[in-house]
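Owing to the predicted nature of the structure, the values given are computational and were not obtained by experimental measurement.
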There are 2 protein chains.
Amino acid sequence: MKKVKRTTIYDIAAKLGITASSVSRALNNSSQVNEKTRELIIKTADELNYKRNTLASNLRKGHSKTIGVVVPRINQNFFANVIAGIEETTYQKGYNLIICQSGEVHDKEIQCVNTLINQHVDCIVISVSADSYDYQHLQNVLDHGIQLIQFDRVAEELETLKVINDNEQASFEAVSHLIENGYKRIALLEGPQNLNIFRQRKTGYLRALETHKVAVIDELVVENAWTKELGAEATRKLLNLPQPPDAIFASTSDFSALGVLEVANAMKIQVPSELGICGYSNEAFTEITSPSITSIDQFSVYMGKTIGNLFFQEIGNTEVSVKPKIISIKPELIIRGSTAKKG
Amino acid sequence: MKKVKRTTIYDIAAKLGITASSVSRALNNSSQVNEKTRELIIKTADELNYKRNTLASNLRKGHSKTIGVVVPRINQNFFANVIAGIEETTYQKGYNLIICQSGEVHDKEIQCVNTLINQHVDCIVISVSADSYDYQHLQNVLDHGIQLIQFDRVAEELETLKVINDNEQASFEAVSHLIENGYKRIALLEGPQNLNIFRQRKTGYLRALETHKVAVIDELVVENAWTKELGAEATRKLLNLPQPPDAIFASTSDFSALGVLEVANAMKIQVPSELGICGYSNEAFTEITSPSITSIDQFSVYMGKTIGNLFFQEIGNTEVSVKPKIISIKPELIIRGSTAKKG
DNA sequence: ATATTTTACGCAATCGATTGCAATTTTTAT
DNA sequence: ATAAAAATTGCAATCGATTGCGTAAAATAT
C-alpha cells in the first residue's frame with residue numbers, strides 16, 4: 001500500500017524540461033510565469049495526477065492552514081453542532097479541522113493540545129473539560145504564537161478570544177419566566193461549579209429570585225445533577241421533601257430535565273400544573289416529550305460559525321498578541337408546555 | 001501573532017554543542033544515544049519548551065499519522081458517534097483525525113477527498129453523500145496509495161475495506177416482528193435508492209413479506225421520506241388511503257418515524273393498537289416518545305472503533321493493494337411500545 | 001538600431017526533522 | 001598492552017515545495 005511513488009513538481013519539471021520553480025509558480029498562480037507554460041504545466045500536472053504535498057508546502061510556508069478543535073465529546077449534540085459550524089466557515093477558506101476529544105479528562109486535554117501544537121495548527125479552538133483545574137497548557141498555546149479561541153466553557157482568567165453564551169442572562173430569563181407563571185418554590189439543579197458556565201447559570205438563578213423578591217431556599221439547590229440519572233435522583237429527593245418545589249430548573253442540560261420529567265410522571269405529579277420544568281440546550285427531544293419541555297436555545301451552529309469568522313478577522317492581525325475579545329451570544333428561552341402553569 | 005520563533009532541534013543542539021542528529025535520536029528514543037546525553041537533551045528540550053514540528057517530521061517520514069474522515073454531516077447523531085469511536089481508537093496510537101463534511105453534495109465530497117489526498121493522510125474513511133453518482137474520486141484515493149475505508153453508505157462496486165451494517169437483515173427482522181405481532185398492511189417509507197443502505201433495507205422489507213407470505217402492496221411503498229416532515233407528509237397520504245396501512249416502517253430514520261407518530265396522534269389514530277410504527281437508528285428520543293418507538297440500533301460508536309481497529313490491522317500490510325474486506329455489524333432490533341399490537 | 005524596461009525562468013537556499021554511512025571514542029576480549 | 005567489537009556522535013543528503021535574487025530573453029521606448 002505504501003510503495004506508490006507520488007508525482008512531485010520535480011517529475012512535472014523533468015517531463016517538461018524546466019525547473020521545479022516554474023512549476024511551483026505556475027501551480028500557485030504566480031504572475032511570474034508565461035501563460036503558455038502555465039497551461040502546459042497544469043495540463044501535465046493533471047495528466048500525471050499530481051497532488052500537491054501540503055506537508056511540504058506548509059513546512060516551507062510556516063503555517064498549516066489547519067485549525068485544531070478540542071472538545072469534551074464530539075458526539076454531544078452541542079459540540080457536534082459547534083464543530084459543524086466551524087467546519088462550514090473554515091472549509092470555504094481552505095482550512096482543515098483536526099478534531100480531538102478530551103473526554104472531560106484534564107490530562108487528555110493537555111495531550112490533545114500538545115499534539116495540536118506539534119501539528120503546527122494555526123489556531124486552537126477549545127472548550128475545556130469539566131475537571132480542568134489549571135490552564136498552563138492553554139498559556140502554552142499562546143506562547144507558541146498560536147491563536148487561541150475558547151468557547152462556551154472558558155478559562156476566564158486567560159485573556160484570549162472567547163465566544164460564549166450569556167448564560168447568566170438566559171438563566172435569569174428562564175427563572176423569571178417561571179416566577180411570572182406563578183411558580184413559587186423553584187429548585188435549581190446545578191452543574192460542577194468549577195465550570196464557569198454553571199456558575200453563571202446559578203448566578204442568573206439567584207439574581208432572578210432576588211429581583212422578584214423570592215427567598216432563596218438552600219435545600220432546593222442540588223449540586224452536580226447533569227445527567228438524566230442524576231437529574232432523576234435529585235428529583236426524587238426534592239419531591240419527597242416536606243415542602244417540595246413546584247418547579248425545577250435543570251440548568252445543567254435537557255437530559256437532566258428529562259430525568260425530572262420521568263420521575264414526575266412516575267410519581268403521578270402533574271407537569272406543568274403541579275411541577276414546572278425548564279431544561280437547558282434545546283435538544284431536539286424537548287419538543288416531543290409530553291408535555292414538551294421549556295428550554296434554552298444556545299444557537300450552537302451559529303456559535304461555530306462565529307468562531308470561524310472570528311479567526312479570519314484576527315489572522316490578518318500581525319501583532320504578536322491579539323487583543324482579547326469576547327463575543328457573547330444571547331441564548332433564547334424557548335417556552336413550551338412544561339412551564340405553562342397558568343396556560 | 002506569527003512572529004514567534006519556535007525552538008527547533010538545532011536550537012537545542014547549538015545550546016549543547018552537539019548535532020541535531022543526536023537531538024533527533026534522543027527525542028525518538030533511538031538506542032544510538034548515550035543515556036546521559038539523552039537526559040541532557042530531554043532536559044534542555046523541556047527548558048526551551050520545544051515542541052516537535054510534526055510537519056517536518058512527517059514530510060521526512062513520508063506519512064502523516066493522520067486519518068481523514070468524510071461524512072455528510074458531522075452533527076448527525078450516527079456520524080458523530082462513529083467519529084467519536086474512530087477518534088477513541090486512533091488517538092491512542094498517536095493518530096489524528098481531519099474531519100470534513102460533504103453536506104450530502106457530491107462535488108464538495110470530491111473536494112474534501114482531494115484536500116485529504118493533498119494532506120497526505122494515511123487513510124481516508126468515508127461515508128458517501130446521498131447524491132453521489134460516481135466514484136472516480138475514491139478510485140483516485142487508492143491510486144495514490146492511500147488506504148480507503150468505506151462505512152455505512154458504501155460504493156459497492158469499489159473493492160475496498162468496508163465496515164457496514166447488515167441493513168437487509170435488520171430490516172427483515174423489523175418487518176417480521178411487525179408481522180408476527182399481527183400487523184397485516186405494512187407500509188414502507190424508503191430512502192433515496194441510489195444509496196445502497198436504503199436499497200438493502202427495502203430488500204429486507206420485501207424478503208420479510210415474502211417469507212411470511214404477505215402480499216406486497218405498491219401503494220404502501222413511499223419514496224424518499226427521510227426527514228420528519230417528509231415522514232409526516234407520507235403518513236397523511238397513507239392514512240387517508242381507502243385501505244390505510246396498519247403499520248409503517250420508517251426505514252429511513254427515527255425522525256421520519258417521529259413524523260409518523262405525530263401525524264397519527266394528530267389524527268387520533270391509536271399507536272400501537274391501530275397503527276404500528278418502527279423507525280431506524282435508535283436515536284435517543286425514541287425511548288421517550290409516547291408510546292416509545294421501536295427502532296434498530298446500529299451500534300454507531302462500536303462501528304467507529306471497528307473502523308479504527310481495521311486500519312491498524314491493515315497498515316502493517318506492506319502489499320501494494322490491500323485485499324478488500326467487509327466487516328458487517330449486525331444491528332439490533334429494539335422493541336418498544338409503538339409495535340405492541342397484541343401487548 | 002540601440003537603450004531601457006518587462007517578463008520569464010533558473011539557481012540555490014530554506015523550512016525542521018530524519019537517517020544511512022562514516023568517523024571517533026569507549027568498552028571488552030585476548 | 002593490543003586488537004577487536006560495540007557504542008556514540010557527526011556529516012550530509014533527503015522529504016517536496018517555496019522564494020529571493022540573478023540573468024537571459026522578449027517587449028517597448030527612444
Side-chain angles (χ1 to χ4, degrees), chain A residues 2-42 45 48-66 94 117-122 144-145, chain B residues 2-42 45 48-66 94 117-122 144-145:
Chain A
K2 23 202 72 154
K3 305 222 189 94
V4 184
K5 168 74 172 74
R6 293 165 66 148
T7 77
T8 70
I9 52 172
Y10 296 98
D11 299 327
I12 299 175
K15 180 157 187 189
L16 259 36
I18 54 175
T19 335
S21 325
S22 298
V23 178
S24 173
R25 283 191 263 257
L27 265 21
N28 284 293
N29 295 316
S30 158
S31 58
Q32 296 188 64
V33 261
N34 185 283
E35 206 41 54
K36 277 184 190 164
T37 41
R38 174 197 312 277
E39 277 167 26
L40 198 60
I41 287 169
I42 289 178
L48 298 177
N49 201 0
Y50 169 78
K51 291 270 175 345
R52 168 195 277 119
N53 186 330
T54 318
L55 291 179
S57 171
N58 290 340
L59 172 60
R60 179 59 227 259
K61 294 217 202 111
H63 65 242
S64 63
K65 281 217 162 198
T66 296
I117 296 178
N118 289 354
Q119 287 281 348
H120 271 226
V121 295
D122 296 340
H144 277 90
Chain B
K2 24 202 71 156
K3 304 221 190 99
V4 184
K5 169 75 173 74
R6 293 165 66 149
T7 77
T8 70
I9 52 171
Y10 296 98
D11 299 328
I12 300 174
K15 182 159 185 189
L16 259 37
I18 55 176
T19 334
S21 326
S22 297
V23 177
S24 173
R25 283 191 264 257
L27 263 21
N28 284 293
N29 295 316
S30 157
S31 58
Q32 297 189 65
V33 263
N34 186 283
E35 204 43 53
K36 277 185 189 162
T37 41
R38 156 172 313 161
E39 277 167 26
L40 197 59
I41 288 169
I42 289 178
L48 297 177
N49 200 1
Y50 169 78
K51 290 269 174 345
R52 167 195 277 119
N53 185 331
T54 319
L55 289 179
S57 172
N58 290 341
L59 173 60
R60 180 59 227 259
K61 294 217 202 112
H63 63 243
S64 62
K65 280 218 163 199
T66 296
I117 296 178
N118 289 354
Q119 287 282 346
H120 271 226
V121 295
D122 296 340
H144 276 90

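- Among the protein residues, B/T54 comes within range of no part of the nucleic acid, since none of its heavy atoms lies under 4.0 Å from any strand.
- Counting to the nearest Å, the C1' atom of C/dC15 and the CG atom of B/N53 are 8 Å from each other.
- Between the CG atom of A/D11 and the C1' atom of D/dA17 there is a distance of 13 Å, given to the nearest Å.
- For the pair B/N34 CG and D/dA7 P, the interatomic distance rounds to 12 Å; values are reported in whole Å.
- One interatomic measurement links the two molecules: CG of A/N58 to P of C/dC15, which rounds to 16 Å at whole-angstrom precision.
- If you take CG on A/N58 and CD on A/Q119, they are separated by 10.5 Å, rounding to the nearest 0.5 Å.
- Distance check: B/S24 OG to B/I41 CD1 gives 9.5 Å after rounding to the nearest 0.5 Å.
- The interatomic distance linking A/L27 (CG) with D/dT19 (P) rounds to 13 Å, in whole Å.
- Rounded to whole Å, atom C1' of C/dA17 lies 14 Å from atom CZ of B/R6.
- The side chain of A/T37 contributes no N or O atom lying less than 4.0 Å from OP1 or OP2 of C/dA8.
- Within the 4.5 Å cutoff, no side-chain heavy atoms of A/T66 are placed close to those of A/D122.
- Here the closest heavy-atom approach between residue A/A26 and residue A/R38 is recorded as O-NH1, 3.1 Å.
- In this structure, B/N28 reaches the sugar-phosphate backbone alone: every heavy-atom distance under 4.0 Å involves primed, P, OP1 or OP2 atoms, never a base.
- When heavy atoms are screened at a 4.0 angstrom cut-off, B/S30 is found touching no nucleic acid atom at all.
- With hydrogens and angles ignored, the 3.5 Å screen pairs no side-chain donor or acceptor of B/T19 with any backbone N or O of B/S21.
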Between the protein and nucleotides 10-14 of chain D, which nitrogen or oxygen pairs are less than 3.5 angstrom apart?
unit_1	atom_1	unit_2	atom_2	d
D/dG10	OP2	B/T19	N	3.0
D/dG10	OP2	B/T19	OG1	2.6
D/dG10	OP2	B/S22	OG	3.0
D/dG10	O5'	B/T19	OG1	2.7
D/dG10	N7	B/R25	NH2	3.0
D/dG10	O6	B/R25	NH2	3.0
D/dC11	N4	B/S21	OG	2.9
D/dA12	N6	B/S21	OG	3.4
D/dT14	O2	B/R60	NE	3.4
D/dT14	O2	B/R60	NH1	3.0

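- The listed nucleotides are C/dG16, C/dA8, C/dT19; the one nearest the side chain of B/S24 is C/dT19.
- Within 4.0 Å (heavy atoms only), A/S31 reaches sugar-phosphate atoms of the nucleic acid but no base atom.
- Atom-to-atom, CG of A/L48 to P of D/dG16 comes out at 15 Å; the value is rounded to the nearest Å.
- Distance CG (A/N118) to P (C/dG16): 14 Å, rounded to an integer number of Å.
- Of the inter-residue distances, the one linking A/K51 atom NZ with B/H144 atom NE2 reads 4.5 Å to the nearest 0.5 angstrom.
- Under the rule for a side chain to side chain donor-acceptor pair (under 3.5 Å), B/K65 has no partner lying at least two apart in sequence or in another chain.
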